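Heads up: the structure comes next, in structure tokens.
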Amino acid sequence: MFALVDCNNFYVSCERVFEPKLKYSPVVVLSNNDGCIIARSNEAKALGIKMGEPAFKIKHIIEKNNITVFSTNFALYGDFSNRVMNILTSLVSNIEVYSIDEAFLDCSIWKEKYFHKQAMYLCKIIKKRTGIPVSIGISTTKTLAKVANHIAKQSSQLGGVYILNDHIMIEKMLKQFPVEKVWGIGRKSRILLNYYGIRTALQLRNMDRKWVKKHLTIKGLQIVQELNGEPCFAIESIINPKKEICTSRSFGVMVTDLQSLKESVSMYATRCAEKLRKQKSCAGSVKVFIHSNYFRQDLPQYNNCCTMVFPVKTNDTAEIIHYALKGLKKIYRPNYQYKKAGVIISNFVHQNMVQYSLFDNINREKSKKIMYSIDKINAAMGRDYIRYGIQGFNRSWKLHQERLSPCYTSRWSDLLRVTTS
DNA sequence: TCTGGGGTCCTAGGACCC
DNA sequence: TCTGGGGTCCTAGGACCC
């Protein structure tokens, strides 16, 4: 049996912990650059605000309904996520942290008659210790646990928990469940399935498996099997190292000059290198990309990318910046208004498994020591306390964050003060 | 005026081998 | 006139997730 624990409207719930007066009022959280809606409270959903909608397009709805708007505050959400996951880890032996706000639990060791009680207890304790409301769905496969979780969220009478383990109930629920809400069925698959008259999860479950494999690949077949109660996906409790790391941002303003692009690309390369060292890997190549604003079809468009291969796999910030900038120089064209740039590193090996080169003239031992020192100093003093000059100090291109809440739980100066009179 | 960011997996097709 | 067969590896791009 699998349980899926999912935090309700997670980012909004994090903001509400420190603004309890917003508990019953509409709240949304925006993406980076204050661009799109990425989280909505139930009240905001009820007002018809869609996920991913550009904020400027619904400005009138926001103003009319007095909706509270927050810029994204990942320091806060990341910290709350850790708190929730730590509670689950302390209470359940086999857990897979699936995303920032979701975890799968192996609950096969629970006695079936206690499923409901155990799940209710988890909801209660997480709410009590963090202030975050969660929903739990339980079933025989991960895909069905996802369905159960959706059901748990839909009805407030369920108290946040729904167990789907009876054949008749499974059939009944899948019949009401739109096929596009099934885990792994996205936009394209929905269009295809709808074309063939398949609209519910039950119809998908009963499809001919050869047909599914042909049209929806092995992934689709696994979904069908999981809907039939045949587990294809296990709990993956070991955190695998990442296979690629990407840092990219849209600019707050349009950027034309090479210097600003250099600064931003260097900064993204620095972030990538930090994450890379954290997982003790070295990368084999770096890809840099830039593009103009494709929403502005009135302006000339340009987008391009370039991959540079390192002579020896590395996690040295300076070296990664060097090759990223080399790539940038190759693809940069003047007279375009750039909206976004990014850096992706890939082809990782463990840092102790790097194949050196006879013709390498970089002192790798020295570089390792420098990186170690920089990471240590920045961890103690704050990000970019030590930085490369090319990253710049001006950052005219940086993103908009006009409605950022304080980092209540991760910055000393932002701690709440309580006074008594 | 204004439109996010970071991942994984799968497949088709090209390049190459004998 | 007539142009094979079987395999591996790599990569770009698509689809999907949160």
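Here the structure is a predicted model, which is why all the values come from computation and not from measurement.
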NA contact type, [X], heavy-atom cut-off 4.0 Å: base, sugar-phosphate, or nothing?
X        : result
A:Val182 : sugar-phosphate
A:Ile245 : sugar-phosphate
A:Lys287 : nothing
A:Glu244 : base
A:Tyr98  : sugar-phosphate

_Between A:Arg271 and A:Asp384, is the salt bridge (charged side-chain N to carboxylate O under 4.0 Å, His left out) condition met? List the steps._
CA-CA 10 Å; A:Arg271 290 289 96 80; A:Asp384 286 335; 2.7 Å; yes
| With no hydrogens and no angle check, do the side chains of A:Tyr302 and A:Asn304 hold a donor and an acceptor under 3.5 Å apart? |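 Judged by distance alone, the side chains do pair up.
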Return yes if a side-chain donor-acceptor contact under 3.5 Å exists between A:Asp316 and A:Thr314, otherwise no.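 Their side chains do not contain a donor-acceptor pair, so the 3.5 Å distance test is not met.
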Notebook entry, point to check: Does A:Arg296 have any side-chain contact (heavy atoms from CB on, under 4.5 Å) partners at least two apart in sequence or in another chain, and if so, which?
Noted result: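 A:Arg296 satisfies side-chain contact (heavy atoms from CB on, under 4.5 Å) with A:Met254, A:Asn293, A:Asp298, A:Leu299 once adjacent residues are dropped.
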*Any residue meeting side-chain contact (heavy atoms from CB on, under 4.5 Å) with A:Lys219, in chain and number order, not counting sequence neighbours*: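 So A:Lys219 forms a side-chain contact (heavy atoms from CB on, under 4.5 Å) with A:Thr217, A:Gln222.
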Check against ring-ring contact (aromatic ring centres under 6.0 Å, His included), A:Phe104 and A:Trp183: CA-CA 14 Å; A:Phe104 285 105; A:Trp183 190 39; 5.6 Å; yes
Just the rounded figure in Å: distance from [atom2] of [N] to [atom1] of [X].
X        : N      : atom1 : atom2 : result
A:Ile100 : C:dC17 : CD1   : C1'   : 14 Å
A:Phe80  : C:dC18 : CZ    : C1'   : 20 Å
A:Ile185 : C:dC18 : CD1   : P     : 12 Å
A:Lys142 : C:dC17 : NZ    : P     : 14 Å
A:Gln337 : B:dT1  : CD    : P     : 13 Å
A:Arg187 : C:dG14 : CZ    : C1'   : 11 Å
A:Asn240 : C:dC17 : CG    : P     : 20 Å
A:Asn347 : C:dA12 : CG    : C1'   : 14 Å

- Query: Are the aromatic ring centres of A:Phe251 and A:Tyr338 under 6.0 angstrom apart?
  - Reply: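 No.
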Sub-3.5 Å pairs of nitrogen or oxygen atoms, protein against nucleotides 7-10 of chain C:
none

Here DNA chain B, pairs taken as Watson-Crick or G-U under 3.5 Å and shown with ( ), [ ] when crossing and | when to another strand, reads ....||||||||||||||
Answer yes or no on whether A:Lys242 is positioned over the face of A:Phe348, meaning its NZ or CZ is under 6.0 Å from the six-membered ring centre and within 45° of the axis.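 Pair A:Lys242/A:Phe348 does not count as cation-pi.
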Exercise. Could you work out the separation of B:dG4 and C:dC17 based on their C1' atoms and round it to a whole Å?
Key: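 One C1' to the other, the span is 15 Å.
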- Task: Classify the ring geometry between A:Tyr11 and A:Tyr77 as parallel (under 30°), tilted (30 to 60°) or perpendicular (over 60°).
- Result: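 Parallel, since the angle between the ring planes stays under 30°.
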Checklist line | Sorted by number, the residues of residues 188-206 of chain A with heavy-atom contact under 4.0 Å to DNA chain C | finding: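 Hits under 4.0 Å, by residue number: A:Lys188, A:Ser189.
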**Report entry** Positive for side-chain contact (heavy atoms from CB on, under 4.5 Å) with A:Val212, one of A:Ile223, A:Val224, A:Leu193
**Finding:**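 The residue from A:Ile223, A:Val224, A:Leu193 that satisfies side-chain contact (heavy atoms from CB on, under 4.5 Å) with A:Val212 turns out to be A:Val224.
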### Residues A:Glu19, A:Arg403; criterion salt bridge (charged side-chain N to carboxylate O under 4.0 Å, His left out); working and verdict
CA-CA 14 Å; A:Glu19 295 264 9; A:Arg403 296 161 180 273; over 6 Å; no
Output a table of nitrogen or oxygen pairs between the protein and nucleotides 2-5 of chain B separated by less than 3.5 Å.
unit_1: B:dC2; atom_1: OP2; unit_2: A:Arg296; atom_2: NH1; d: 3.1
unit_1: B:dT3; atom_1: OP1; unit_2: A:Lys339; atom_2: NZ; d: 2.7
unit_1: B:dG4; atom_1: O4'; unit_2: A:Ser31; atom_2: OG; d: 2.7
unit_1: B:dG5; atom_1: OP1; unit_2: A:Ser250; atom_2: N; d: 2.6
unit_1: B:dG5; atom_1: OP2; unit_2: A:Ser250; atom_2: N; d: 3.4
unit_1: B:dG5; atom_1: OP2; unit_2: A:Ser250; atom_2: OG; d: 3.0
unit_1: B:dG5; atom_1: OP2; unit_2: A:Lys340; atom_2: NZ; d: 3.0
unit_1: B:dG5; atom_1: O3'; unit_2: A:Arg249; atom_2: NH1; d: 3.1

Subject >> side chain to side chain contact (heavy atoms under 4.5 Å, CB included) between A:Lys153 and A:Tyr162, intermediate numbers included >> reply: CA-CA 9 Å; A:Lys153 280 205 169 73; A:Tyr162 189 75; over 6 Å; no
Check step by step if salt bridge (charged side-chain N to carboxylate O under 4.0 Å, His left out) holds for A:Arg205 and A:Glu226. CA-CA 9 Å; A:Arg205 189 190 84 167; A:Glu226 286 243 322; over 6 Å; no
Note to self: So if I apply the side-chain hydrogen bond (donor to acceptor under 3.5 Å, both in side chains) rule between A:Ser135 and each of A:Asp6, A:Asn149, A:Asn8, which one comes out positive?
What the structure shows: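 Considering A:Asp6, A:Asn149, A:Asn8, a side-chain hydrogen bond (donor to acceptor under 3.5 Å, both in side chains) with A:Ser135 is found only for A:Asn8.
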